[in-house]
Number of protein chains: 2
Amino acid sequence: MELAQEVGARLRGLRRHRGLSLSELARRSGVGKGTLSELETGRRNPTLETLYALTTALGAPLSTVVGPAPVQGAAVHAVLTDRVQDAAAVSEVYRVRIQSGAVQRSAAHAAGTTEHLLVFSGTARVGPACAPLKVGPGGHARWAADVPHLYEAVGGDVEGVLVVRYPVA
Amino acid sequence: MELAQEVGARLRGLRRHRGLSLSELARRSGVGKGTLSELETGRRNPTLETLYALTTALGAPLSTVVGPAPVQGAAVHAVLTDRVQDAAAVSEVYRVRIQSGAVQRSAAHAAGTTEHLLVFSGTARVGPACAPLKVGPGGHARWAADVPHLYEAVGGDVEGVLVVRYPVA
DNA sequence: CACCGTCGTTCTGTTTACAGAACGTTCTGC
DNA sequence: GCAGAACGTTCTGTAAACAGAACGACGGTG
């Protein structure tokens with residue numbers, strides 16, 4: 001099953017990233033070593049309890065393994081954390097990291113689309129390609145995204161939240 | 001087990017909210033009716049596959065049932081969707097709904113704490129108790145949260161995203 | 001009142017996720 | 001080279017999650 005493989009791969013990624021062996025994680029989480037092996041290779045369909053035990057032992061929220069997959073562009077790495085629909089618009093909330101050393105350009109979105117960026121760290125140059133805005137830590141930018149726009153980190157990488165708000169079709 | 005009960009209650013809430021009967025959801029999701037009954041009462045520890053089938057049939061993301069629990073105040077209903085820590089600060093991202101007809105007051109947070117509100121729908125009156133700001137749909141407000149502050153919906157309810165950013169201790 | 005549909009729960013047999021053991025492999029150090 | 005340890009995979013028996021059937025409890029209709 002496809003979902004199990006996706007989740008398994010993420011679990012393996014998390015474990016490796018922490019430098020834990022399979023046996024060590026099994027010991028810490030109380031999940032059997034064999035179980036863990038088959039989970040990571042996507043050959044099992046894990047139980048909620050098992051997933052919870054593993055993510056807790058890994059110090060990660062459950063959403064890390066069951067949440068949406070990150071999208072990676074030229075410079076922007078984004079994870080959809082929320083999506084809200086009201087009468088007028090659909091709003092998507094992304095956790096973003098803009099990597100320095102590259103500029104990511106985006107084509108115009110549907111008419112009426114706006115974007116917001118809240119910057120946590122670093123300084124970003126974002127917005128309409130013709131008139132980008134500069135935003136530092138703790139800052140906020142808002143621009144119309146129905147024209148070509150760009151994302152760029154000035155100096156070091158940028159961490160923040162991007163909200164894309166587009167009218168309902 | 002506690003987690004299973006929590007998830008079960010959320011599933012039942014989602015189903016009821018959509019006006020679906022247990023049998024109907026079972027039919028649409030392909031999950032057995034008995035299975036569903038025991039899941040909702042927290043007597044079973046669901047499989048990832050089962051949870052996915054159910055949330056898909058309910059038209060909700062998986063995170064709705066496994067994500068963090070919402071916090072409810074006098075007027076503000078908030079769900080923590082993300083939490084980011086960098087060298088300077090911790091940033092928490094909340095999906096919020098401010099209900100009209102009440103004012104929620106918050107005491108001063110740690111020095112240097114700032115808050116941002118992005119409004120999706122409705123009009124909000126938020127910020128320092130001494131000088132609140134008015135924000136409409138698509139708008140943004142930012143204020144220092146190290147003084148007493150408030151949240152209020154003007155007219156109808158407000159939907160949006162709240163970001164709380166406080167310095168690392 | 002009896003009939004029938006729908007509701008949610010409980011029962012029944014099958015499938016499978018689980019813990020732990022056994023296994024082959026790859027590094028160490030003596 | 002051969003112990004010993006650690007790694008990840010595969011095997012084995014048990015517990016439990018699953019689909020579907022059977023069940024009792026309501027609520028409407030003739």
Side-chain angles (χ1 to χ4, degrees), chain A residues 1-70, chain B residues 1-70:
Chain A
M1 188 240 205
E2 193 182 298
L3 178 62
Q5 288 176 16
E6 168 71 22
V7 168
R10 294 200 205 174
L11 280 174
R12 177 152 286 186
L14 282 174
R15 175 174 66 81
R16 293 254 169 89
H17 188 261
R18 282 158 181 70
L20 293 177
S21 75
L22 200 148
S23 323
E24 178 62 16
L25 177 57
R27 195 189 58 75
R28 293 196 195 181
S29 63
V31 170
K33 189 164 60 153
T35 299
L36 200 35
S37 171
E38 294 193 354
L39 276 187
E40 289 190 352
T41 48
R43 261 172 299 146
R44 273 245 268 275
N45 163 31
T47 275
L48 179 62
E49 199 173 10
T50 302
L51 276 185
Y52 185 75
L54 289 176
T55 52
T56 301
L58 288 165
L62 247 176
S63 55
T64 309
V65 290
V66 299
Chain B
M1 188 231 199
E2 194 181 297
L3 178 62
Q5 288 176 16
E6 169 72 22
V7 168
R10 293 200 206 175
L11 281 173
R12 177 151 286 185
L14 283 174
R15 176 175 65 81
R16 293 255 170 90
H17 188 261
R18 282 156 182 71
L20 292 177
S21 76
L22 198 147
S23 322
E24 177 62 16
L25 177 57
R27 194 189 60 75
R28 294 197 195 179
S29 63
V31 170
K33 189 163 62 152
T35 299
L36 200 36
S37 170
E38 293 193 354
L39 276 188
E40 288 191 351
T41 48
R43 259 171 301 145
R44 275 245 268 272
N45 164 31
T47 277
L48 181 59
E49 199 174 9
T50 302
L51 276 185
Y52 185 76
L54 289 177
T55 52
T56 301
L58 287 165
L62 247 176
S63 55
T64 309
V65 290
V66 299

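Every chain is numbered from 1, with letters handed out A, B, ... down the list of sequences.
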Chemist: With a strict under 4.0 Å distance from non-hydrogen atoms of chain A, what nucleotide opens and what nucleotide closes the contacted stretch of DNA chain D, reading 5' to 3'?
Modeler: D:dC7 to D:dT10

Chemist: List the steps and the verdict of side chain to side chain contact (heavy atoms under 4.5 Å, CB included) for A:L22 and A:K33.
Modeler: CA-CA 7 Å; A:L22 200 148; A:K33 189 164 60 153; 3.2 Å; yes

Chemist: Hey, which sits more toward the 5' end of DNA chain C by its nearest nucleotide, B:T41 or A:R43?
Modeler: B:T41

Chemist: Can you check the B:L48 CG to C:dA17 P distance for me, whole Å?
Modeler: 11 Å

Chemist: Nearest whole Å is fine: how far is C:dT9 P from B:L25 CG?
Modeler: 13 Å

Chemist: Check whether any side-chain N or O of A:T35 sits under 4.0 Å from OP1 or OP2 of C:dA17, and answer yes or no.
Modeler: no

Chemist: Among all residues two or more places apart in sequence or in another chain, which pass the side chain to side chain donor-acceptor pair (under 3.5 Å) test with B:S37?
Modeler: none

Chemist: Mark yes or no for whether A:R10, through its side chain, and A:T64, through its backbone, hold a donor-acceptor pair below 3.5 Å.
Modeler: yes

Chemist: What is the distance from atom OG of A:S23 to atom CG of A:L36, rounded to the nearest 0.5 Å?
Modeler: 9.0 Å

Chemist: Does B:E38 offer a backbone N or O that forms a donor-acceptor pair with the side chain of B:R43 under 3.5 Å?
Modeler: no

Chemist: I'd like to know if the side chain of B:T47 reaches the main chain of B:T50, judged simply by a donor and an acceptor atom lying under 3.5 Å from each other, with no hydrogens or angles considered.
Modeler: no

Chemist: Please write out the pairs of protein N or O atoms and N or O atoms of nucleotides 4-8 of chain C separated by less than 3.5 Å, giving the distance to one decimal.
Modeler:
residue, atom, partner, partner atom, Å
C:dC7, OP1, B:S21, OG, 3.2
C:dG8, OP1, B:R15, NH1, 3.3
C:dG8, OP2, B:L22, N, 2.6
C:dG8, O6, B:K33, NZ, 3.3

Chemist: Hey, which of B:R16, B:Q5, B:R12 is the one that makes side-chain contact (heavy atoms from CB on, under 4.5 Å) with B:E40?
Modeler: B:R12

Chemist: Spell out, as yes or no, whether a donor-acceptor pair under 3.5 Å connects the side chain of A:R44 to the backbone of A:L39.
Modeler: no

